[in-house]
2 protein chains.
Amino acid sequence: MAAKAELDRILEALDATETLDGLHQIIHKVCDGFGVDHAMYLWVETAGNHYYFGSYPPEWTQRYIDKAYSRVDPVVVGCYQRFHPVDWKRLDWSPRPAREFLKDALKHGVGNQGYAIPIRGPNGQFALFTVSHNCDDAAWERITEKHSRDFILMAHYFNRKVLELEPSRNAEQAQPLSPREVDALTLLAIGYSRAQVAETLSISEHTLRVYIESARFKLGAINTTHAIARALSLGLIVI
Amino acid sequence: MAAKAELDRILEALDATETLDGLHQIIHKVCDGFGVDHAMYLWVETAGNHYYFGSYPPEWTQRYIDKAYSRVDPVVVGCYQRFHPVDWKRLDWSPRPAREFLKDALKHGVGNQGYAIPIRGPNGQFALFTVSHNCDDAAWERITEKHSRDFILMAHYFNRKVLELEPSRNAEQAQPLSPREVDALTLLAIGYSRAQVAETLSISEHTLRVYIESARFKLGAINTTHAIARALSLGLIVI
DNA sequence: CTTGCGCTCCCCATAAATGGCGATGGCAAG
DNA sequence: CTTGCCATCGCCATTTATGGGGAGCGCAAG
């Protein structure tokens with residue numbers, strides 16, 4: 001089957017590329033190889049700070065950033081709460097901002113059909129791989145049914161490469177915490193006050209403070225809340 | 001290719017199954033179909049609260065839970081910080097607890113080779129899909145090279161089904177936070193004091209307090225640190 | 001058109017966390 | 001055998017967070 005060879009070619013190209021430029025080119029091969037109008041990868045971070053590449057017109061991508069559309073885009077919002085790839089049609093387009101966004105998107109050449117694959121990486125990374133197209137529902141269903149597995153794999157490989165080539169975006173490795181520090185931060189993270197933590201761990205509150213301060217220092221955190229947040233993000237504690 | 005048909009059969013079975021029992025059976029088909037000794041799925045939550053099914057001997061799985069091995073298991077610890085599937089050999093087995101864990105695992109019939117695929121879902125879900133086997137390095141590399149894509153897809157499909165059939169675990173759907181609440185918690189999570197957050201958001205410190213309290217209430221958190229931790233865990237904020 | 005919710009503002013008092021100065025003993029690696 | 005890290009303890013002053021009251025405006029959905 002042609003598409004199978006297509007997938008292999010793309011995944012191999014993804015494995016082989018060593019530059020972001022190379023990576024960005026491959027997205028166009030996805031369009032050609034799978035007969036869709038557009039494909040894109042979008043790493044969603046805090047508002048306005050995305051990492052995007054794809055085949056959408058540059059005006060649209062700029063507009064998307066300028067208008068902070070990722071906050072209203074049902075594809076982003078909807079995928080954030082699910083694991084399963086999703087057809088755009090099945091998302092909730094009822095809120096007014098969403099409908100206006102859709103109108104704007106169609107005007108800028110985004111396809112009326114789309115299929116989005118949520119991707120999650122370490123440290124809370126969240127990204128999307130999307131293919132979109134202009135066609136009727138039946139034709140689109142044929143495409144997505146046939147290639148949904150391929151899209152999943154490509155999403156995985158794209159993200160893998162992005163993480164590899166954009167290490168700066170990926171949080172730095174923190175020095176490990178001592179067991180007591182982990183205990184202390186974990187209990188604080190579930191809402192215990194310092195007094196309660198000290199009692200739970202059967203240590204003086206002062207000793208506890210030493211742990212917290214030590215953990216704060218290791219994590220480069222300026223207060224306890226920050227330390228908890230960093231420890232959670234870095235996977236050093238789990239609640 | 002036989003393995004291709006094998007993959008199709010398994011993914012279709014995964015799509016079709018509607019019970020956890022059915023799901024648990026399929027893991028054995030993975031072993032048969034791909035010629036590996038063991039396969040397993042492990043949803044890692046707080047210590048001792050896992051969701052597991054697989055082909056390991058029941059004694060071992062019980063022991064794993066009893067000894068809280070997920071805290072020292074380099075497969076779990078190592079995968080938590082990466083996106084890429086990983087061969088067990090490439091993990092860090094040098095800490096003493098890890099070495100003792102390995103000895104214990106081998107004694108209980110876990111293979112000397114393994115390949116682990118990290119899986120992440122909404123609300124900070126973290127799971128592992130692992131295949132393991134007893135053989136030499138060369139043979140193992142042939143298996144993993146040939147089937148790594150299949151393993152990724154199976155990991156994805158297993159997790160998809162688990163999320164579908166175990167909604168209770170995922171059910172901790174927190175009510176969504178308002179944009180201002182997200183702003184407030186996010187800034188607190190990066191270490192800002194309330195005064196700084198209020199200034200950054202250009203609101204009074206009292207208004208900020210209302211947001212924090214409202215978020216605390218929605219999250220069932222008893223103090224700010226707890227709220228931050230829960231919001232992070234639930235994926236409601238990202239830092 | 002009412003009800004709810006989000007966003008905004010203020011004061012007071014108390015509880016909690018932080019910063020700074022200490023100290024001792026154990027254990028492991030260089 | 002020193003150096004560093006971990007675990008444990010104390011006190012005081014200051015800053016910050018929390019809990020308890022209030023209130024008004026706007027928007028959207030029932």
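Bear in mind that the values here come from a model prediction, so they are computed numbers and not experimental data. Per chain, numbering begins at 1; letters A, B, ... match sequence-line order.
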Could you check how far [atom1] of [X] sits from [atom2] of [N], rounded to whole Å?
X        : N      : atom1 : atom2 : result
A:Tyr192 : C:dA16 : OH    : P     : 16 Å
A:Glu213 : C:dG20 : CD    : C1'   : 9 Å
B:Glu199 : D:dT16 : CD    : C1'   : 16 Å
B:Phe217 : C:dC5  : CZ    : C1'   : 13 Å
A:His226 : D:dT16 : NE2   : P     : 17 Å
B:Leu188 : D:dT16 : CG    : P     : 14 Å

Next on the checklist: Tell me which pairs pass salt bridge (Lys or Arg N to Asp or Glu O under 4.0 Å) where either residue lies in residues 117-136 of chain A, with sequence neighbours left out.
Outcome noted: none
Item to check | salt bridge (Lys or Arg N to Asp or Glu O under 4.0 Å) pairs, two or more places apart, involving residues 84-93 of chain B | outcome: B:Asp87-B:Lys89, B:Lys89-B:Asp137
Item to check | B:His156 ring center near A:Phe83 ring center (under 6.0 Å) | outcome: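 That pair passes the under 6.0 Å test.
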Checklist outcome for this item: For nucleotides 25-30 of chain C, 5' to 3', base contacts (B), sugar-phosphate-only contacts (S) and non-contacts (-) with protein non-hydrogen atoms under 4.0 Å give ------
Item to check | Qualifying residues under side-chain contact (heavy atoms from CB on, under 4.5 Å), relative to B:Val197, sequence neighbours excluded | outcome: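 Here the qualifying residues are B:Leu187, B:Leu188, B:Tyr192, B:Leu201, B:Leu208.
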Item to check | With B:Glu18 via side-chain contact (heavy atoms from CB on, under 4.5 Å) - residues at least two apart | outcome: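 Listed in chain order: B:Lys161, B:Glu164, B:Leu165.
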Grab the N/O contacts between the protein and nucleotides 3-11 of chain D below 3.5 Å, and write none if there aren't any.
| residue | atom | partner | partner atom | Å |
| --- | --- | --- | --- | --- |
| D:dC6 | OP1 | A:Lys218 | NZ | 3.3 |
| D:dA7 | OP2 | A:Ser178 | OG | 2.7 |
| D:dA7 | O3' | A:Tyr211 | OH | 3.4 |
| D:dT8 | OP1 | A:Arg180 | NH2 | 3.2 |
| D:dT8 | OP2 | A:Arg180 | NE | 3.0 |
| D:dT8 | OP2 | A:Tyr211 | OH | 2.1 |
| D:dC9 | OP2 | A:Ser204 | N | 2.5 |
| D:dC9 | OP2 | A:Ser204 | OG | 3.4 |
| D:dC9 | OP2 | A:Thr207 | OG1 | 2.9 |
| D:dC9 | N4 | A:His206 | ND1 | 3.1 |
| D:dG10 | N7 | A:His206 | ND1 | 3.1 |
| D:dG10 | N7 | A:His206 | NE2 | 3.1 |
| D:dG10 | O6 | A:His206 | NE2 | 2.3 |

Next on the checklist: Measuring from atom CD of B:Glu166 to atom CH2 of B:Trp43, what distance do you get when rounded to the nearest 0.5 angstrom?
Outcome noted: 7.0 Å
Checklist outcome for this item: CD1 (A:Ile119) and CG (A:Leu163) are apart, to the nearest 0.5 Å, by 9.0 Å
Item to check | B:Glu213/B:Arg209 ion pair, N-O < 4.0 Å | outcome: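 Yes, charged N to carboxylate O under 4.0 Å.
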